[in-house]
Amino acid sequence: MTSVGSGLSPAQQGAYTQRLDSNSSSTFFPSENDPSAEPAGSQPVSTGPVYSIFSSSEKKAIILTASLGAFFSPMSAQIYLPALNTIAKDLKVSNSQINLTITTYMIVQGLAPTMIAGFSDGAGRRPAYIICFSIYILANIGLALQNNYVALMILRAVQSGGSSGTVALANGCVGDIVASSERGIYIAYASISSILGPSLAPILGGVLSQYLGWKSIFWFLTIFSTIYFIPLMLFFPETCRNVVGDGTVPPPKWNQSITGVIREKKRIQDGTPVDPVQQAYVTENYRMRFPNPLSTLVIIADKEAGLILFSTGLVIMCFYAIGTGVPSQYHDIYNFTDLELGFVFLPMSIGTLVSSFTTGKIVDWNYRRHARRLGFPVQRNRQQDLSGFPIEKARLQVALPLLYVGVTGIISYGWALHYEANLAVPLVLIFVIGYSINASNQCMSILMVDTWPGKPATVTAASNLVRCSLGAAASAVVIPMLERLGRGWTYTLFALLWVVFSPCIWALMKYGPGWRKERKEKEDKAKTEKRRLREEERAAVDEPKASENPLTPPASEKITDKQANAAQS
């Protein structure tokens, strides 16, 4: 494992340790060990630390760029759907077999982020992006050249492994540079491309499959991803707080971009020093290590996170059941071609797009409403301690009504297909489902990032694992269910699964703050113990050195003196 900034001076280490051990509230470093944590609510917000040095326009540019990267995962899944009937015919397999390629894609889509997200939270976003797009581009080339069902299934899994981590990385960038008070609208920015992907991909896939053949889909993805990846590799700045702190700490070369080099040169020319506390935090937390999924599983095992994730996963499962069923059902009922099937997804995509431009503002408004009621100070780009704030209620009051609207729409949609209603009826219901499910999912995503500060990418990976696992199950069973139970009862059963689970979400609003406080106390206790052991190890190393030269003061005293000098200065 490699640490960045290991050459920290004793004065800097002393300042860092002194602020860690201080029981008083510091205006710069209020949390025990994390400069990205937020100051106590009793502290005036104006004196709290700036969360990120990036300007508002830079934040938007970074998040929109990351969002475009997240475009490829849902687009790669959805662009494939209108061509399913054609691919099954060309490869001489059944619709159920070709649906298994979707199931495989989604299983990997859930698992891959658990590896890449923890890696990116420790080693940085840029290395993770390089790994993801290298795998993705090679997989697309292989898909464009293959000619059999087994190769299709394997390469679709590899393609999913490369692209799926980008969604976690986009939300990770939001957590890196945006404070809780304005996170709603920026999460909306981050979700724009991942919504445009499902919006445009089915239409594009239908056109390509109809006129150029289904393999042209993968050539298109190869070219498009390469055009995006090259500028990203050259110019996208590192944002991970464990690598660059609030953006002021220069990253290692592996994480550096051209824009980062320019920013560092300007800092040196201006004579601006690197803040010792930010530098020390990076020194302690930067880790270049092999991806480990255990950090993601820890989040899933948490009581509060588990309820949020499974609630979201169940409703997303219904969403995937609808999408997977579209090609076969609309072909049977309305005799649609590949191109026409692509347009069936358009109302759902429009609904999700509309929700992205409205939900973030509603979520931020509700946050401010609760803050005013409690006398909780709110200021843009400032850090705040949410331990005493009912963040669960602020987010779920927006999400729950939308979830109930969504499941009602799913039941109605199933029966509309069952009675083979006029085409306008299921299309309107698809719009309602797209709007409500995406809006509620956005609220849940914001809540997850709020309750697990410092791990936004890992949180998103945990969410993907649950959602994609349930979505994969839905994709695998929906066609057999439609054949045996019929369209109405199939989608009714999917929706009722969430309705049965929904009381747990009401309980989350009541008990969530207590669970969060309990978890925070355990984490703080573990961190304090870890710091104590580290200090004992350092003292054990310093004692032999002091005994070798009795005229030299002990090393611990030297550090203490320099700490005092640093504090006085």
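For clarity, every value in this text was computed on a predicted model and none was experimentally measured. Computed over heavy atoms, backbone and side chain alike; hydrogens, waters and symmetry mates excluded.
Taking both residues in full, the closest heavy atoms of T352 and N438 are given as O-ND2, 3.2 Å, listed atom of the first, atom of the second, then distance. The two atoms that bring V344 and L427 nearest to each other are O-CD2, 4.0 Å, heavy atoms only. Considering all non-hydrogen atoms of both residues, L84 and P327 come closest at CD1-CG, 4.0 Å. In this structure, I116 and G165 approach most closely via the heavy-atom pair CG2-CA, 3.6 Å. For the pair I333 and L417, the tightest heavy-atom approach, listed with the atom from each and the gap, is CD1-O, 3.8 Å. A pairwise comparison of heavy atoms in I410 and A495 identifies CG2-CB, 4.1 Å as the closest pair.
Taking the side chain as every heavy atom from C-beta outward, S163 and F71 never approach each other to under 4.5 Å. Using a 4.5 Å cut-off on side-chain heavy atoms (C-beta onward), E304 and Y511 make no contact. Here the side chains of F431 and M348 are not in contact, with every heavy-atom distance at 4.5 Å or above. Taking the side chain as every heavy atom from C-beta outward, P390 and R373 approach each other to under 4.5 Å. Inter-residue side-chain proximity for I79 and P202 is flagged as unmet; no heavy-atom pair is nearer than 4.5 Å. Inter-residue side-chain proximity for D302 and V298 is flagged as unmet; no heavy-atom pair is nearer than 4.5 Å. Residues V425 and Y413 form no side-chain contact, since every pair of their non-hydrogen atoms from C-beta on lies 4.5 Å or further apart. At least one side-chain heavy atom of Q397 sits under 4.5 Å from a side-chain heavy atom of H370.
For R156, the side-chain hydrogen bond (donor to acceptor under 3.5 Å, both in side chains) test picks out Q159, with sequence neighbours left out.
Without hydrogens or angle criteria, S502 side chain to V499 main chain gives a donor-acceptor distance under 3.5 Å. With hydrogens and angles ignored, the 3.5 Å screen pairs a side-chain donor or acceptor of T451 with a backbone N or O of M448. Panel note: side chain S440, backbone I437; a donor-acceptor pair is recorded below 3.5 Å. The closest donor-acceptor contact from the side chain of S67 to the backbone of I63 lies at 3.5 Å or more, if one exists at all. Panel note: side chain S160, backbone Q109; a donor-acceptor pair is recorded below 3.5 Å. Here the side chain of E238 pairs a donor or acceptor atom with the backbone of R126 at under 3.5 angstrom. Between the side chain of R241 and the main chain of D176, a donor-acceptor pair closer than 3.5 Å is present.
From L309, atom CG reaches atom OG of S445 across 9.0 Å, with rounding to the nearest 0.5 Å. From L508, atom CG reaches atom OG of S311 across 8.5 Å, with rounding to the nearest 0.5 Å. Distance NZ/K393 to CG/L447: 13.5 Å, rounded to 0.5 Å. One distance of note links OH of Y320 with CD1 of I102; it measures 10.5 Å at 0.5 Å rounding. Of the inter-residue distances, the one linking I316 atom CD1 with S469 atom OG reads 13.0 Å to the nearest 0.5 angstrom. Atom OG1 of residue T492 and atom CG of residue L485 lie 10.0 Å apart, to the nearest 0.5 angstrom.
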Check step by step if side chain to side chain donor-acceptor pair (under 3.5 Å) holds for Y129 and S120.
CA-CA 9 Å; Y129 271 118; S120 75; over 6 Å; no
Where do E529 and K525 land on the salt bridge (charged side-chain N to carboxylate O under 4.0 Å, His left out) test, with the steps shown first?
CA-CA 6 Å; E529 179 65 17; K525 183 177 180 180; over 6 Å; no
Start with the C-alpha gap between W415 and H418, add the side-chain angles, then the distance that decides, and say whether side-chain contact (heavy atoms from CB on, under 4.5 Å) holds.
CA-CA 5 Å; W415 290 105; H418 176 80; 3.7 Å; yes
Take D450 and I446, measure what side-chain contact (heavy atoms from CB on, under 4.5 Å) needs, and give me the verdict at the end.
CA-CA 6 Å; D450 288 334; I446 295 167; 3.5 Å; yes
Please test W506 against L396 for side-chain contact (heavy atoms from CB on, under 4.5 Å), starting from the C-alpha separation and ending with a verdict.
CA-CA 9 Å; W506 290 94; L396 293 175; over 6 Å; no
For K59 and T239, what are the C-alpha separation, side-chain angles and deciding distance, and is it a side-chain contact (heavy atoms from CB on, under 4.5 Å)?
CA-CA 10 Å; K59 289 178 184 177; T239 63; over 6 Å; no
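For the pair R369 and W365, the cation-pi test (distance below 6.0 Å, angle within 45°) is passed.
Between the side chains of Y136 and S73, no donor-acceptor pair of N or O atoms lies under 3.5 Å. For the 3.5 Å distance criterion, the side chains of Y80 and T101 qualify, holding a donor opposite an acceptor. A donor-acceptor contact under 3.5 angstrom links the side chains of N441 and R467, judged on distance only. For the residue pair Q442 / S355, no side-chain donor-acceptor distance below 3.5 Å is found, with atom types taken as modelled.
Ring centers of W489 and F494: at least 6.0 Å apart, outside the cut-off.
When the shell of 6.0 Å around CZ of R532 is examined, it contains more than 12 heavy atoms from other residues, nucleotides or ligands. F310 CZ: 12 or fewer foreign heavy atoms inside a 6.0 Å radius.
Comment: R516 engages E392 in a salt bridge, judged by a side-chain N to carboxylate O separation of less than 4.0 angstrom.
Between Y404 and W498, the ring planes lie perpendicular to each other; the angle is over 60°, past the 30° to 60° tilted range.
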